[in-house]
Amino acid sequence: MAVDLTPRQPTKAYGGEGGAYFEWSPAELPMLGVASIGAAKLSLAAGGMSLPSYSDSAKVAYVLQGKGTVGIVLPEATKEKVVAIKEGDALALPFGVTTWWHNTPESATELVVLFLGDTSKGHRPGQFTNFQLTGSSGIFTGFSTEFVGRAWDLKEDDAAKLVSSQPASGIVKLAAGRKLPEPVPEDRKDMALNCLEAKLDVDIPNGGRVVVLNTVNLPLVKEVGLGADLVRIDAHSMCSPGFSCDSAYQVTYIVRGSGRVQVVGPDGKRVLETRIEGGSLFIVPRFHVVSKIADASGMEWFSIITTPNPIFSHLAGKTSVWKAISPEVLEASFNTTPEMEKLFRSKRLDSEIFFAPN
(Lines give C-alpha, C1' and ligand atoms only; values in the text may rest on other atoms or scores of the structure.)
Protein backbone atom coordinates (compact mmCIF):
# COMPACT_ATOMS: atom_id res chain seq x y z
CA MET A 1 0.00 0.00 0.00
CA ALA A 2 1.41 3.40 -1.02
CA VAL A 3 2.14 5.92 1.75
CA ASP A 4 1.28 9.58 1.25
CA LEU A 5 4.55 11.55 1.02
CA THR A 6 2.94 14.99 0.62
CA PRO A 7 4.86 17.71 2.52
CA ARG A 8 2.95 19.09 5.51
CA GLN A 9 2.95 22.10 7.82
CA PRO A 10 2.72 21.56 11.61
CA THR A 11 -0.31 22.21 13.82
CA LYS A 12 -0.34 23.97 17.19
CA ALA A 13 -0.33 21.56 20.12
CA TYR A 14 -0.38 24.05 23.01
CA GLY A 15 0.76 27.52 23.97
CA GLY A 16 -0.15 30.91 25.35
CA GLU A 17 1.25 34.40 25.85
CA GLY A 18 4.82 33.10 26.11
CA GLY A 19 4.77 31.16 22.85
CA ALA A 20 3.57 27.93 21.28
CA TYR A 21 4.61 24.37 20.56
CA PHE A 22 3.76 22.93 17.13
CA GLU A 23 4.06 19.34 15.95
CA TRP A 24 3.64 17.18 12.90
CA SER A 25 1.29 14.25 13.41
CA PRO A 26 1.65 10.79 11.79
CA ALA A 27 -2.08 10.99 11.14
CA GLU A 28 -1.38 13.80 8.65
CA LEU A 29 2.14 12.76 7.61
CA PRO A 30 2.06 8.93 7.69
CA MET A 31 5.77 8.53 6.92
CA LEU A 32 6.51 9.78 10.44
CA GLY A 33 5.00 6.59 11.83
CA VAL A 34 6.59 4.39 9.17
CA ALA A 35 10.06 5.83 9.85
CA SER A 36 9.51 6.30 13.62
CA ILE A 37 10.52 9.94 13.33
CA GLY A 38 9.19 12.83 15.39
CA ALA A 39 9.06 16.46 14.28
CA ALA A 40 8.08 19.56 16.23
CA LYS A 41 8.72 23.28 16.45
CA LEU A 42 8.97 25.60 19.45
CA SER A 43 8.21 29.31 19.07
CA LEU A 44 8.89 31.63 22.03
CA ALA A 45 7.80 35.26 22.20
CA ALA A 46 10.00 37.87 23.87
CA GLY A 47 10.30 36.83 27.52
CA GLY A 48 8.87 33.40 26.77
CA MET A 49 10.20 30.28 28.49
CA SER A 50 9.70 26.62 27.73
CA LEU A 51 9.66 25.01 31.18
CA PRO A 52 12.10 22.20 32.06
CA SER A 53 11.17 18.91 30.43
CA TYR A 54 12.63 15.71 29.06
CA SER A 55 11.53 13.61 26.10
CA ASP A 56 11.08 9.95 25.22
CA SER A 57 13.23 10.47 22.10
CA ALA A 58 16.74 11.49 21.12
CA LYS A 59 16.64 14.64 18.97
CA VAL A 60 18.53 17.15 16.90
CA ALA A 61 17.47 20.76 17.50
CA TYR A 62 18.02 23.51 14.92
CA VAL A 63 17.47 27.21 15.60
CA LEU A 64 15.44 28.59 12.72
CA GLN A 65 15.12 32.16 13.95
CA GLY A 66 16.17 34.52 16.72
CA LYS A 67 18.53 34.36 19.68
CA GLY A 68 18.08 33.00 23.17
CA THR A 69 19.29 30.61 25.82
CA VAL A 70 18.96 26.88 26.40
CA GLY A 71 19.62 25.11 29.67
CA ILE A 72 20.80 21.51 29.29
CA VAL A 73 21.15 18.92 32.04
CA LEU A 74 22.83 15.78 30.74
CA PRO A 75 22.11 12.43 32.42
CA GLU A 76 23.90 12.13 35.79
CA ALA A 77 25.27 15.68 35.49
CA THR A 78 25.53 17.72 38.71
CA LYS A 79 25.26 21.09 36.97
CA GLU A 80 23.35 22.41 34.00
CA LYS A 81 25.00 23.82 30.90
CA VAL A 82 23.65 27.25 29.94
CA VAL A 83 24.23 27.86 26.25
CA ALA A 84 23.61 30.98 24.17
CA ILE A 85 21.89 30.04 20.91
CA LYS A 86 21.16 31.88 17.70
CA GLU A 87 19.87 31.26 14.19
CA GLY A 88 21.81 28.45 12.51
CA ASP A 89 22.76 26.61 15.68
CA ALA A 90 22.32 22.83 15.76
CA LEU A 91 22.32 20.83 19.01
CA ALA A 92 22.26 17.07 19.59
CA LEU A 93 20.01 16.07 22.52
CA PRO A 94 20.46 12.45 23.63
CA PHE A 95 18.01 10.37 25.67
CA GLY A 96 17.52 11.55 29.23
CA VAL A 97 18.46 15.19 28.64
CA THR A 98 16.43 17.81 30.49
CA THR A 99 16.15 21.18 28.76
CA TRP A 100 14.61 24.61 29.18
CA TRP A 101 14.51 27.32 26.51
CA HIS A 102 14.23 31.10 26.88
CA ASN A 103 13.82 34.11 24.62
CA THR A 104 15.10 37.32 26.18
CA PRO A 105 12.52 39.98 27.14
CA GLU A 106 14.21 42.59 24.95
CA SER A 107 14.18 40.39 21.85
CA ALA A 108 12.66 41.90 18.72
CA THR A 109 11.93 38.50 17.15
CA GLU A 110 10.53 35.17 18.20
CA LEU A 111 12.93 32.36 19.05
CA VAL A 112 11.98 29.42 16.81
CA VAL A 113 13.56 25.98 17.24
CA LEU A 114 12.98 22.88 15.10
CA PHE A 115 13.19 19.40 16.66
CA LEU A 116 13.69 16.24 14.61
CA GLY A 117 14.35 12.87 16.22
CA ASP A 118 14.04 9.12 16.52
CA THR A 119 10.84 7.91 18.22
CA SER A 120 11.45 4.16 17.75
CA LYS A 121 11.84 3.75 21.52
CA GLY A 122 9.17 6.30 22.40
CA HIS A 123 5.56 5.96 23.53
CA ARG A 124 4.09 6.91 20.16
CA PRO A 125 5.96 6.07 16.95
CA GLY A 126 6.14 9.21 14.84
CA GLN A 127 5.46 11.68 17.66
CA PHE A 128 7.45 13.04 20.60
CA THR A 129 6.15 12.67 24.15
CA ASN A 130 7.53 15.41 26.40
CA PHE A 131 7.47 15.06 30.18
CA GLN A 132 7.08 18.40 31.98
CA LEU A 133 8.78 18.70 35.35
CA THR A 134 6.63 21.62 36.55
CA GLY A 135 3.36 23.32 35.71
CA SER A 136 -0.22 22.13 35.63
CA SER A 137 0.75 19.00 33.71
CA GLY A 138 4.06 18.46 35.50
CA ILE A 139 5.15 15.02 36.67
CA PHE A 140 4.81 15.90 40.34
CA THR A 141 1.15 16.83 40.06
CA GLY A 142 0.57 13.09 39.73
CA PHE A 143 2.30 12.16 42.98
CA SER A 144 0.65 12.47 46.35
CA THR A 145 1.88 15.24 48.65
CA GLU A 146 3.23 12.51 50.93
CA PHE A 147 5.50 11.19 48.17
CA VAL A 148 6.55 14.67 47.03
CA GLY A 149 7.27 15.78 50.58
CA ARG A 150 9.36 12.69 51.29
CA ALA A 151 11.26 13.05 48.01
CA TRP A 152 12.11 16.72 48.52
CA ASP A 153 12.32 16.66 52.33
CA LEU A 154 9.52 19.21 52.64
CA LYS A 155 6.44 19.38 54.81
CA GLU A 156 3.39 18.21 52.88
CA ASP A 157 1.87 21.72 52.95
CA ASP A 158 5.03 23.19 51.46
CA ALA A 159 5.24 20.41 48.86
CA ALA A 160 1.62 21.01 47.82
CA LYS A 161 2.22 24.76 47.60
CA LEU A 162 5.35 24.33 45.47
CA VAL A 163 3.79 21.84 43.04
CA SER A 164 0.68 23.99 42.50
CA SER A 165 2.41 27.37 42.31
CA GLN A 166 2.89 27.23 38.50
CA PRO A 167 -0.58 27.22 36.87
CA ALA A 168 0.71 27.27 33.28
CA SER A 169 1.63 24.20 31.26
CA GLY A 170 4.74 23.85 29.13
CA ILE A 171 5.32 27.48 28.11
CA VAL A 172 5.14 30.67 30.18
CA LYS A 173 5.93 34.35 29.82
CA LEU A 174 8.22 35.39 32.64
CA ALA A 175 7.20 38.30 34.85
CA ALA A 176 9.09 41.54 34.32
CA GLY A 177 12.29 41.57 36.31
CA ARG A 178 12.62 37.80 36.72
CA LYS A 179 16.13 36.76 35.80
CA LEU A 180 17.46 33.48 34.43
CA PRO A 181 21.11 32.31 34.36
CA GLU A 182 23.43 34.01 31.89
CA PRO A 183 24.98 31.80 29.19
CA VAL A 184 28.41 30.39 29.98
CA PRO A 185 30.74 30.55 26.92
CA GLU A 186 32.61 27.32 27.78
CA ASP A 187 29.32 25.43 28.09
CA ARG A 188 28.86 25.76 24.34
CA LYS A 189 31.85 23.52 23.57
CA ASP A 190 30.72 20.24 21.92
CA MET A 191 27.09 21.18 22.56
CA ALA A 192 26.27 23.36 19.55
CA LEU A 193 27.49 23.97 16.01
CA ASN A 194 26.43 26.97 13.98
CA CYS A 195 25.72 25.69 10.48
CA LEU A 196 25.76 29.19 8.98
CA GLU A 197 29.29 29.83 10.23
CA ALA A 198 30.84 26.34 10.11
CA LYS A 199 33.31 25.20 7.48
CA LEU A 200 31.50 24.14 4.32
CA ASP A 201 31.67 20.48 3.35
CA VAL A 202 30.49 21.31 -0.18
CA ASP A 203 30.70 24.71 -1.87
CA ILE A 204 29.75 24.96 -5.54
CA PRO A 205 29.66 28.50 -7.02
CA ASN A 206 26.17 29.41 -8.25
CA GLY A 207 25.07 25.90 -7.24
CA GLY A 208 24.87 25.31 -3.51
CA ARG A 209 26.55 24.76 -0.16
CA VAL A 210 26.36 22.03 2.49
CA VAL A 211 27.35 21.74 6.13
CA VAL A 212 27.18 18.20 7.50
CA LEU A 213 26.74 17.44 11.20
CA ASN A 214 28.55 14.30 12.25
CA THR A 215 30.46 12.74 15.13
CA VAL A 216 33.51 14.89 14.36
CA ASN A 217 32.08 18.41 14.56
CA LEU A 218 29.26 17.62 17.04
CA PRO A 219 30.27 14.57 19.12
CA LEU A 220 26.86 14.08 20.77
CA VAL A 221 25.51 13.12 17.33
CA LYS A 222 26.86 9.64 18.06
CA GLU A 223 24.66 9.31 21.15
CA VAL A 224 21.64 10.64 19.28
CA GLY A 225 22.21 8.16 16.44
CA LEU A 226 21.30 10.68 13.73
CA GLY A 227 23.18 12.61 11.08
CA ALA A 228 22.07 16.04 9.87
CA ASP A 229 22.91 18.68 7.31
CA LEU A 230 22.03 22.20 6.24
CA VAL A 231 21.77 22.66 2.47
CA ARG A 232 21.43 25.97 0.62
CA ILE A 233 21.01 26.01 -3.14
CA ASP A 234 20.94 29.07 -5.36
CA ALA A 235 18.22 30.31 -7.70
CA HIS A 236 17.08 27.64 -10.19
CA SER A 237 19.86 25.26 -9.11
CA MET A 238 19.30 21.52 -9.00
CA CYS A 239 20.27 19.02 -6.34
CA SER A 240 21.49 15.83 -8.01
CA PRO A 241 19.24 12.76 -7.93
CA GLY A 242 20.57 10.55 -5.17
CA PHE A 243 19.75 8.15 -2.35
CA SER A 244 20.97 7.16 1.08
CA CYS A 245 22.82 3.91 0.57
CA ASP A 246 22.87 2.85 4.22
CA SER A 247 19.16 2.14 4.64
CA ALA A 248 18.41 5.54 6.18
CA TYR A 249 15.35 7.76 5.97
CA GLN A 250 15.81 11.42 5.00
CA VAL A 251 13.63 13.89 6.91
CA THR A 252 13.67 17.34 5.32
CA TYR A 253 12.38 20.66 6.64
CA ILE A 254 12.32 23.60 4.23
CA VAL A 255 13.77 26.56 6.13
CA ARG A 256 13.14 29.19 3.46
CA GLY A 257 12.65 29.60 -0.27
CA SER A 258 10.69 27.26 -2.50
CA GLY A 259 11.04 24.85 -5.37
CA ARG A 260 10.05 21.49 -6.75
CA VAL A 261 10.81 17.98 -5.57
CA GLN A 262 10.50 14.57 -7.20
CA VAL A 263 10.95 11.21 -5.46
CA VAL A 264 11.18 7.93 -7.39
CA GLY A 265 10.86 4.47 -5.84
CA PRO A 266 10.92 0.84 -6.96
CA ASP A 267 9.95 -0.03 -10.54
CA GLY A 268 10.71 3.52 -11.68
CA LYS A 269 7.51 4.81 -10.10
CA ARG A 270 7.41 8.52 -9.26
CA VAL A 271 5.92 8.54 -5.76
CA LEU A 272 6.10 12.29 -5.16
CA GLU A 273 6.07 15.32 -7.42
CA THR A 274 5.13 18.58 -5.79
CA ARG A 275 6.10 22.12 -4.89
CA ILE A 276 7.77 22.72 -1.54
CA GLU A 277 8.03 25.95 0.42
CA GLY A 278 9.32 27.29 3.72
CA GLY A 279 7.82 25.63 6.80
CA SER A 280 6.96 22.32 5.16
CA LEU A 281 8.36 18.92 6.07
CA PHE A 282 8.58 15.69 4.09
CA ILE A 283 10.28 12.30 4.39
CA VAL A 284 12.05 10.28 1.71
CA PRO A 285 11.66 6.49 2.17
CA ARG A 286 14.71 4.25 2.33
CA PHE A 287 16.62 3.77 -0.93
CA HIS A 288 14.24 6.08 -2.83
CA VAL A 289 15.90 8.62 -5.13
CA VAL A 290 15.16 12.30 -4.54
CA SER A 291 15.99 15.46 -6.47
CA LYS A 292 15.07 19.13 -5.96
CA ILE A 293 15.11 22.26 -8.12
CA ALA A 294 14.93 25.71 -6.52
CA ASP A 295 12.73 28.58 -7.63
CA ALA A 296 14.09 32.08 -8.28
CA SER A 297 14.39 32.67 -4.52
CA GLY A 298 16.71 29.69 -4.02
CA MET A 299 16.01 27.15 -1.31
CA GLU A 300 17.38 26.17 2.09
CA TRP A 301 16.61 23.02 4.03
CA PHE A 302 17.67 21.23 7.21
CA SER A 303 17.59 17.43 7.19
CA ILE A 304 18.24 14.57 9.53
CA ILE A 305 19.27 11.13 8.33
CA THR A 306 18.60 8.11 10.51
CA THR A 307 22.28 7.19 10.86
CA PRO A 308 25.06 9.25 12.53
CA ASN A 309 27.47 9.20 9.57
CA PRO A 310 25.33 8.93 6.43
CA ILE A 311 26.60 7.90 3.01
CA PHE A 312 24.88 9.05 -0.19
CA SER A 313 25.10 7.75 -3.70
CA HIS A 314 24.46 10.23 -6.51
CA LEU A 315 23.12 9.40 -9.94
CA ALA A 316 24.36 12.51 -11.75
CA GLY A 317 27.50 14.63 -11.65
CA LYS A 318 31.20 13.81 -11.59
CA THR A 319 30.86 11.66 -8.45
CA SER A 320 27.91 9.66 -9.76
CA VAL A 321 27.91 5.91 -10.26
CA TRP A 322 27.74 6.50 -14.03
CA LYS A 323 31.25 7.96 -14.07
CA ALA A 324 32.57 4.80 -12.40
CA ILE A 325 30.77 2.27 -14.59
CA SER A 326 32.70 1.09 -17.67
CA PRO A 327 31.65 2.37 -21.13
CA GLU A 328 30.69 -1.12 -22.30
CA VAL A 329 28.34 -1.68 -19.37
CA LEU A 330 26.78 1.75 -19.82
CA GLU A 331 26.18 1.09 -23.53
CA ALA A 332 24.62 -2.29 -22.84
CA SER A 333 22.52 -1.03 -19.93
CA PHE A 334 20.99 1.82 -21.94
CA ASN A 335 21.03 -0.21 -25.17
CA THR A 336 22.66 2.74 -26.87
CA THR A 337 25.49 3.54 -29.30
CA PRO A 338 29.14 4.28 -28.48
CA GLU A 339 28.56 7.82 -29.73
CA MET A 340 25.71 8.40 -27.26
CA GLU A 341 27.76 6.84 -24.46
CA LYS A 342 30.60 9.27 -25.18
CA LEU A 343 28.20 12.22 -25.24
CA PHE A 344 26.64 11.12 -21.95
CA ARG A 345 30.01 10.61 -20.26
CA SER A 346 31.31 13.98 -21.49
CA LYS A 347 28.67 15.87 -19.48
CA ARG A 348 28.86 16.95 -15.82
CA LEU A 349 32.62 16.41 -15.66
CA ASP A 350 33.11 19.30 -13.23
CA SER A 351 29.75 19.40 -11.46
CA GLU A 352 29.29 17.49 -8.21
CA ILE A 353 25.93 17.36 -6.44
CA PHE A 354 24.51 20.81 -7.33
CA PHE A 355 23.92 21.96 -10.87
CA ALA A 356 23.63 25.66 -11.64
CA PRO A 357 21.16 26.64 -14.37
CA ASN A 358 22.59 26.78 -17.89
Side-chain angles (χ1 to χ4, degrees), residues 18 21 42 44 48-63 67-86 89-104 111 113 115 117-118 121-123 128-156 158-166 168-172 174-175 178-194 213 215-226 308:
Y21 181 82
L42 174 68
L44 293 178
M49 178 186 185
S50 177
L51 297 173
S53 67
Y54 65 93
S55 175
D56 64 350
S57 305
K59 305 174 183 175
V60 172
Y62 181 72
V63 182
K67 297 179 180 179
T69 306
V70 59
I72 302 172
V73 181
L74 296 168
E76 300 184 336
T78 57
K79 185 180 179 181
E80 69 182 351
K81 292 180 180 289
V82 183
V83 180
I85 53 174
K86 63 181 181 179
D89 277 347
L91 303 93
L93 305 174
F95 278 112
V97 167
T98 295
T99 60
W100 54 263
W101 305 78
H102 179 234
N103 190 7
T104 57
L111 173 64
V113 184
F115 300 98
D118 175 15
K121 297 179 181 178
H123 286 263
F128 298 132
T129 299
N130 298 319
F131 294 82
Q132 304 294 332
L133 297 189
T134 66
S136 60
S137 60
I139 290 295
F140 287 94
T141 62
F143 283 103
S144 67
T145 53
E146 176 195 1
F147 272 60
V148 176
R150 286 285 298 276
W152 293 345
D153 193 21
L154 293 174
K155 294 179 180 179
E156 288 193 27
D158 290 333
K161 185 182 300 182
L162 186 59
V163 168
S164 63
S165 60
Q166 176 56 269
S169 177
I171 296 173
V172 300
L174 297 183
R178 186 177 289 277
K179 300 292 185 181
L180 292 181
E182 291 293 325
V184 180
E186 52 265 34
D187 283 355
R188 186 177 169 87
K189 185 177 185 298
D190 293 337
M191 296 301 303
L193 175 76
N194 190 277
L213 275 66
T215 54
V216 176
N217 56 21
L218 195 60
L220 281 176
V221 162
K222 183 177 180 179
E223 293 187 41
V224 172
L226 301 168

Give the minimum heavy-atom separation between [X] and [Y], together with the two atoms involved.
X	Y	result
Thr141	Gly135	CG2-O, 3.4 Å
Pro183	Thr69	CG-OG1, 3.8 Å
Gln132	Ser53	OE1-CB, 3.7 Å
Gly122	Asp56	CA-OD2, 3.2 Å
Ala61	Leu93	CB-CD1, 4.2 Å
Gly48	Leu44	O-CD1, 3.8 Å

Could I get the full list of side chain to side chain donor-acceptor pair (under 3.5 Å) partners for [X], not counting sequence neighbours?
X	answer
Thr99	Trp101
Tyr21	Asn130
Ser136	none
Ser169	Ser137

Find the distance between [atom1] ([X]) and [atom2] ([Y]) and round it off to the nearest 0.5 Å.
X	Y	atom1	atom2	result
Leu213	Leu218	CG	CG	5.5 Å
Phe115	Ser57	CZ	OG	12.0 Å
Thr104	Leu174	OG1	CG	11.0 Å

When you look at Leu111 and Val63, which way does the side chain to side chain contact (heavy atoms under 4.5 Å, CB included) test go after all the steps? CA-CA 8 Å; Leu111 173 64; Val63 182; 4.0 Å; yes
Got a sec, which residues hit ring-ring contact (aromatic ring centres under 6.0 Å, His included) with Tyr62, two or more places apart in sequence or on another chain?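 ring-ring contact (aromatic ring centres under 6.0 Å, His included) list for Tyr62, sorted by chain: Phe302.
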Which residues satisfy the ring-ring contact (aromatic ring centres under 6.0 Å, His included) test with Phe143, sequence neighbours excluded?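 By the ring-ring contact (aromatic ring centres under 6.0 Å, His included) rule, Phe143 matches Phe140.
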I need the full list of side chain to side chain donor-acceptor pair (under 3.5 Å) pairs touching residues 181-192, with sequence neighbours left out, sorted by first then second residue.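 Listed by first then second residue: Asp89-Arg188.
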Restricting to salt bridge (Lys or Arg N to Asp or Glu O under 4.0 Å), what partner residues turn up for Lys155, sequence neighbours left out?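 Lys155: no salt bridge (Lys or Arg N to Asp or Glu O under 4.0 Å) contacts found.
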Expected list for residues 144-154: side-chain donor-acceptor pairs under 3.5 angstrom, two or more places apart:
residue	atom	partner	partner atom	Å
Ser144	OG	Phe147	N	3.3
Thr145	OG1	Glu156	OE1	3.1

Partners meeting side chain to side chain contact (heavy atoms under 4.5 Å, CB included) with Phe95 (sequence neighbours left out):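 Side chain to side chain contact (heavy atoms under 4.5 Å, CB included) check on Phe95 returns Ala58, Lys121.
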Donor-acceptor pairs under 3.5 angstrom involving side-chain atoms of residues 71-82: please list them, not counting sequence neighbours.
residue	atom	partner	partner atom	Å
Glu80	OE1	Trp100	NE1	2.9

